[in-house]
Peer 1: 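This structure is in structure tokens; I'll ask about it shortly.
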Amino acid sequence: MAEPLSSQGSIATPHHVAIVMDGNGRWAKKRFLPRVAGHKQGVEALRRTVKACLDAGIQVLSVFAFSSENWARPADEVSGLMELMALALSREVSGLHQQGVQIHFPGDKSRLSPRVTEGLEKAQALTAHNTRLVLNVCFNYGGRWDIVQAAAQVQAQGLPITEQNLAQHLALAHVPDPDLFIRTGGEMRVSNFLIWQMAYAEFYFSQALWPDFGPSELESALAAYQRRERRFGLTSEQINAATAPTPEENR
Ligand code: IPE
Ligand code: IPE
Ligand code: MG
């Protein structure tokens, strides 16, 4: 019988998983419910997924909760999503804190209401010293916004524009780049998520609508990840030579 993923070697388990949580609207539409009902169900799926990541030994989970472009949706959906964020902050943070989750909210906070901003800041401060899992809830986030804001900081500090200087000012500078990118809902696009950081992520697309996502879908994504060969621009032979045990280790 196959070993459970969580007990396999850490090389096979991605350190950082990034997810575009897509399909909430379609999930609601199929049930003749308002789109916001799908988003509410999406919060449940996120709670399940955080638990599954903790069980699998994943260190960082970054999820796309609201994009810079989502402001252009109908006003009632946008206000429903803002309400839901405030509600989720009040209901979910203590449970996440108890599980040892450190929460961050990468994104442009300038357009958020004081109530939401205060909730984000409190959650971040409360969980700052937790070490089991870093959870990045990307909210009012856009990959292009991120690159521009990082470049502006580098410029303001009079530093040269280098890859290293830019990377150090991106909204996810506190974690290494994602190893595995998952998008639910069947669309095969990035939609302005972590465009800089995903240069070498492995991509996995799931037909599941986000509210239906859970431990078994995560397990399928992790299994697919284990079958990939990450080459980072090198050849397969170079990769195999670097990972093959030396004669000493073989003995
Ligand atoms: C993703 O689900 C959540 C947000 C964008 C906030 P959608 O709302 O995009 O769901 P679909 O893609 O319309 O089904
Ligand atoms: C990406 O999904 C944003 C989030 C999941 C928050 P969208 O539903 O906004 O992406 P598009 O419009 O289908 O590309
Ligand atoms: Mg969508």
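Every value quoted in this text rests on a predicted model; they were computed, and no experiment measured them. Just follow the structure's listing: the first ligand is 1, and inside any ligand the first atom is 1. If you read the sequence from its start, that first residue is 1, and numbering goes on from there.
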Peer 1: Assess whether a salt bridge exists between Arg230 and Asp179, defined as any Lys/Arg side-chain N lying under 4.0 Å from an Asp/Glu carboxylate O.
Peer 2: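 Between Asp179 and Arg230 there is a salt bridge, with a charged N closer than 4.0 Å to a carboxylate O.
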
Peer 1: Should the pair Phe181 and Phe193 be assigned to parallel (<30°), tilted (30 to 60°) or perpendicular (>60°) ring geometry?
Peer 2: tilted

Peer 1: Just jot down the ligand 2 atoms closer than 4.0 angstrom to any heavy atom of Arg189, in number order.
Peer 2: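 In order of numbering, the contacting atoms are 11 (P), 13 (O), 14 (O).
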
Peer 1: Quick check: are there more than 12 heavy atoms from other residues, nucleotides or ligands sitting under 6.0 Å from CZ of Arg228?
Peer 2: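 Enclosed: over 12 neighbouring heavy atoms sit under 6.0 Å from CZ of Arg228.
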
Peer 1: Mind checking side chain to side chain donor-acceptor pair (under 3.5 Å) for Thr162 and listing every partner two or more places apart, or none if nothing turns up?
Peer 2: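 With neighbours one apart ignored, the set is Asn165.
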
Peer 1: Ligand 1: which residues have a non-hydrogen atom closer than 4.0 Å?
Peer 2: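 Residues within 4.0 Å of ligand 1: Met21, Asp22, Gly23, Asn24, Gly25, Arg26, Arg35, His39, Ala65, Asn70, Arg73, Glu77, Leu81.
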
Peer 1: Checking the side chain of Gln102 only, and the main-chain atoms of Asn130 only, is there a donor and an acceptor separated by less than 3.5 Å?
Peer 2: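 Confirmed, Gln102 side chain pairs with Asn130 backbone.
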
Peer 1: State whether a side-chain donor-acceptor pair under 3.5 Å links Trp145 with Asn192.
Peer 2: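 No, no side-chain donor-acceptor pair sits under 3.5 Å.
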
Peer 1: Determine, for Glu187 against Arg26, whether the closest basic-nitrogen to carboxylate-oxygen distance falls under 4.0 angstrom.
Peer 2: yes

Peer 1: What count do you get for protein N, O or S atoms closer to the Mg ion (ligand 3) than 2.8 Å?
Peer 2: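 Every protein N, O or S atom under 2.8 Å from the Mg ion (ligand 3) counted, the figure is 1.
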
Peer 1: Will you find, in the side chains of Glu77 and His39, an N or O donor that is under 3.5 Å from an N or O acceptor?
Peer 2: yes

Peer 1: Could I get the full list of side chain to side chain donor-acceptor pair (under 3.5 Å) partners for Arg111, not counting sequence neighbours?
Peer 2: none

Peer 1: Within the side chain of Asp177, is there an N or O that forms a donor-acceptor pair under 3.5 Å with the backbone of Met198?
Peer 2: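 Pair absent, no side-chain N/O of Asp177 close to backbone of Met198.
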
